A.B. asks: 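I'd like to ask some things about the structure below.
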4 protein chains.
Amino acid sequence: MNARSAAQEEKRRLILDAAVRVFARRGYHASRVGDIAEEAGVAHGLLYHYFRSKDEVLATIFRENWGTLVGRFRDVAASPTTAEEKLRGIAKILLRSWIRDPDLVTVMIREVARSPHLQAQVAEIGDGFAVIRSVVEQGLADGEFREDVDPLFATWIFYGGLEELLTGWVLGQLPHGDADVARAEEMVVAVVCGGLVRR
Amino acid sequence: MNARSAAQEEKRRLILDAAVRVFARRGYHASRVGDIAEEAGVAHGLLYHYFRSKDEVLATIFRENWGTLVGRFRDVAASPTTAEEKLRGIAKILLRSWIRDPDLVTVMIREVARSPHLQAQVAEIGDGFAVIRSVVEQGLADGEFREDVDPLFATWIFYGGLEELLTGWVLGQLPHGDADVARAEEMVVAVVCGGLVRR
Amino acid sequence: MNARSAAQEEKRRLILDAAVRVFARRGYHASRVGDIAEEAGVAHGLLYHYFRSKDEVLATIFRENWGTLVGRFRDVAASPTTAEEKLRGIAKILLRSWIRDPDLVTVMIREVARSPHLQAQVAEIGDGFAVIRSVVEQGLADGEFREDVDPLFATWIFYGGLEELLTGWVLGQLPHGDADVARAEEMVVAVVCGGLVRR
Amino acid sequence: MNARSAAQEEKRRLILDAAVRVFARRGYHASRVGDIAEEAGVAHGLLYHYFRSKDEVLATIFRENWGTLVGRFRDVAASPTTAEEKLRGIAKILLRSWIRDPDLVTVMIREVARSPHLQAQVAEIGDGFAVIRSVVEQGLADGEFREDVDPLFATWIFYGGLEELLTGWVLGQLPHGDADVARAEEMVVAVVCGGLVRR
DNA sequence: GATGAATGAGATTTCATTCAT
DNA sequence: AATGAATGAAATCTCATTCAT
């Protein structure tokens, strides 16, 4: 990567970061290309040098960040520990991303999670599920988890719990201080792994 | 309700039902008011006789159907049984709505669940959570649930699991035959109440 | 005119009067047929029993009231007095119409005076000018007025002065108490007949 | 003003001039934004690059041209001559604007003169009156005009005469050759300053 | 690479008018 | 006569995208 590309890369980042802030603030549909350009401090035509369309900006945001998360999921899944600990690790990664970059999480939760449109563009979207599922299946294979567990549904239920917590924070409906995030993380593992019912 | 208003009510329904189909097919933003009118077999101007805007059509769809669901949640919550059974009942209601009306669930999951825009319009959105929470709190008070459970987070986690299963069906990522729905229902209760970990 | 027509006539009046108020309040273009109907307390469809269109309502308002004014102009013109006194009489009629019915004058000044559209529909519009002109020509023939006066231009100038005073009241730019109206009337005759310049 | 902004200014003018022609031909309300763009030979979207709305186009036309006229009024008012001569100068400016640009006068007379809507937007509208009034007051102070003259009403009456002559030309009801305009100018000063009545 | 003027498809919404009841 | 549901033409304005400079 030479000096030129580094400068280019920097501008690309500028635009992506601006887009995250703008999408978080106004939502994807209500955000105009001009808003992003203004936030980035460039002319709006420049956006089209780096991205094919407004849509591609959103897809790029998702792809790059989701890819990072999934990579970290994989690290956790590859570590030598129990399935429960691995689920805890995944929960920690996902939930703490809220603290690290709330705008980014806002965009990913709000704009991407449910859009069949984007799902088509971003094949990687299923990768996170695959990692979680492999952990669940390990738990089953090891006899750590109950054998009547359906790994596919269990994966979605676990992920749903995580996503809903993020949603609660995005929508401002759940307390979201650092301590709250830590407690949420404990709760999601406690509930999903240990169940609500007193043993 | 006289003949006139019954006829009007019928037309209103016609438009709402058409809107559900169109929104499910193309998504809210890609659906034009003219598409809804065409699907309903009326002039597009008539839509504005019954609703203030395209937005209000979506809000109405959500409000009326969510209200029905919440009403049924309440019936379950009021029945004389264990908290676990009540959660099972709520899961059944929500998940089986997929079988009853997939288009409607598609719209509610895809367009409404994360939109802060609609959340503002539809105050009732929190009512469902409130019912679930009351059940969780009952489980705690009765000693049925573990005392270290945070009822707020547990509520969101449980609801997230349900919503994610619906999302999986909406996106065509999860098997969704009647038997699958029944198994999903069992799983969500088994996981959330009993936990994944073998006792 | 039998009982039926009297009832009809009454409703017609109701609509016309309502239209004057609505047009005065919001302007012709911004006034909806429904506004007029609501103000009149009837269904908006009924308007189309009495008038061919919204446009015809305005034309009717103008025609009927302008006709009345012109009739009174004619009475003045036919009275046995000087041209100056006749002009004073005409000024009095026109300017005092403001006191009698400000809404009506507002509509006539604002919507009709300059509209070539309406001028086409309302042939009577030139009748008022004709009466004034006949008075000016009488003044010339009698030697009362200076012989270098061009009666056509003089007529328009005189009428313009009157119309502008009404405009000032309509726009709320001129004081419009009863005494102000009386003084305006004196001024317009003093200026037009006697001139500004000290003799 | 560099090359870029000069080119822009030119385009802005192009649109404004086209708008004047279109408004003169069809009237403001009947003119579509697309008509203006077509007349100017640009895409209709460009209009919104230069003006916020169709309304603002009209307001701009009025403001800029009225401002020019008022500036010339002020020059006349500042010249060292009698009040009568000054009124003659003002009449000349206003009436000859008809010869210079009939379309522009048509628009200003027809669309702006009576619209309270525009009056709100264009504060400068009263400036012309203020200049005339100052001349009248000078005439009074100098003893040139009769002391019973009310300067406010006299101003409106004088302006009304001028505006009505323009209206007559706009509506095609008054002869409007160059000689007619010159005679009209003489008449309005003769009548307003000297009065109709033979001395 | 950078700019922002220019384009034009397209969408919502309004509202005069019609007409079945 | 009276109603108001229904129609649909029409118009403004937005904004993603292109492209000359």
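The model shown is predicted, which means the values in this text are computed figures rather than measured ones. Every chain is numbered from 1 and lettered A, B, ... according to where its sequence line falls, protein lines coming before strand lines.
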A.B. asks: Between atom CZ of Arg110(B) and atom CG of Leu171(B), what is the distance when rounded to the nearest 0.5 Å?
C.D. replies: 7.5 Å
A.B. asks: Look at the side chain of Lys11(B) and decide which nucleotide, out of dT7(E), dA6(F), dA16(F), has an atom nearest to it.
C.D. replies: dA6(F)
A.B. asks: Rounded to the nearest 0.5 Å, what separation is found between the CZ atom of Phe23(D) and the NE2 atom of His29(D)?
C.D. replies: 10.0 Å
A.B. asks: To the nearest Å, give me how far apart CD1 (Ile15(D)) and C1' (dA5(E)) are.
C.D. replies: 11 Å
A.B. asks: Would you say Arg52(D) has more than 12 foreign heavy atoms packed within less than 6.0 Å of its CZ?
C.D. replies: no
A.B. asks: Once you round it to whole Å, what is the distance between P of dA1(F) and CG of Leu47(C)?
C.D. replies: 13 Å
A.B. asks: Between CG of Asp35(A) and NE2 of His44(A), what distance do you get to the nearest 0.5 Å?
C.D. replies: 11.5 Å
A.B. asks: Taking the side chain as everything from C-beta on, heavy atoms only, tell me whether Leu14(B) gets closer than 4.5 Å to Glu10(B).
C.D. replies: no
A.B. asks: Is the shortest side-chain N/O distance from Tyr48(D) to OP1 or OP2 of dG8(E) below 4.0 Å?
C.D. replies: no
A.B. asks: Take atom CD of Glu56(D) and atom C1' of dC13(F), then tell me their distance rounded to the nearest Å.
C.D. replies: 13 Å
A.B. asks: Write down the distance between CD (Glu10(A)) and P (dA2(E)), rounded to a whole number of angstrom.
C.D. replies: 10 Å
A.B. asks: Of the nucleotides dT17(F), dC13(F), dT13(E), which one has an atom closest to the side chain of Lys54(A)?
C.D. replies: dT17(F)
A.B. asks: Does any non-hydrogen side-chain atom of Glu64(A) lie less than 4.5 Å from one of Leu16(A)?
C.D. replies: yes
A.B. asks: Quick one: which of dT12(E), dA1(F), dG1(E) gets closest to the side chain of Gln8(A)?
C.D. replies: dG1(E)
A.B. asks: On DNA chain F, does the nearest nucleotide to Val33(A) precede the nearest nucleotide to Arg32(D) from the 5' side, or the other way round? Give the residue.
C.D. replies: Arg32(D)
A.B. asks: So, is His49(B) close to the dA6(F) phosphate, meaning a side-chain N or O under 4.0 Å from OP1 or OP2?
C.D. replies: no
A.B. asks: Indicate the atoms forming the closest heavy-atom contact of Ala24(D) with Val107(D), along with that distance.
C.D. replies: N-CG2, 3.6 Å
A.B. asks: Just how far, in rounded Å, is P of dT7(F) from CG of Leu14(B)?
C.D. replies: 11 Å
A.B. asks: With rounding to the nearest 0.5 angstrom, report the NZ to CG distance, Lys11(B) to Leu47(B).
C.D. replies: 12.5 Å
A.B. asks: In whole angstrom, give the distance that lies between atom CZ of Arg12(C) and atom P of dA1(F).
C.D. replies: 13 Å
A.B. asks: Strictly below 4.0 Å, heavy-atom distances to any atom of DNA chain F: list the hits from residues 34-44 of chain B, or just say none.
C.D. replies: Val42(B), Ala43(B), His44(B)
A.B. asks: Less than 4.0 angstrom between a side-chain N/O of Tyr50(B) and OP1 or OP2 of dA5(F), yes or no?
C.D. replies: no
A.B. asks: Compare all side-chain heavy atoms of Phe51(D) with those of Ile15(D) and state whether any distance is below 4.5 angstrom.
C.D. replies: yes
A.B. asks: What's Phe51(D) touching, base or sugar-phosphate or nothing? Going by heavy atoms closer than 4.0 Å.
C.D. replies: nothing
A.B. asks: Return the value, rounded to whole Å, for the distance between atom NE2 of His29(B) and atom C1' of dG10(E).
C.D. replies: 15 Å
A.B. asks: Which is more 5' along DNA chain E, the nucleotide nearest Ser31(B) or the one nearest Tyr28(C)? Just name the residue.
C.D. replies: Ser31(B)
A.B. asks: Could you grab the distance from atom CD of Gln8(D) to atom NE2 of His49(D), nearest 0.5 Å is fine?
C.D. replies: 5.5 Å
A.B. asks: Can you measure Leu46(D) atom CG to dT14(F) atom P for me and round it to whole angstrom units?
C.D. replies: 14 Å
A.B. asks: Got a minute to check which stems DNA chain E is part of, using Watson-Crick or G-U wobble pairs under 3.5 Å, three or more consecutive?
C.D. replies: E:2-21 with F:2-21
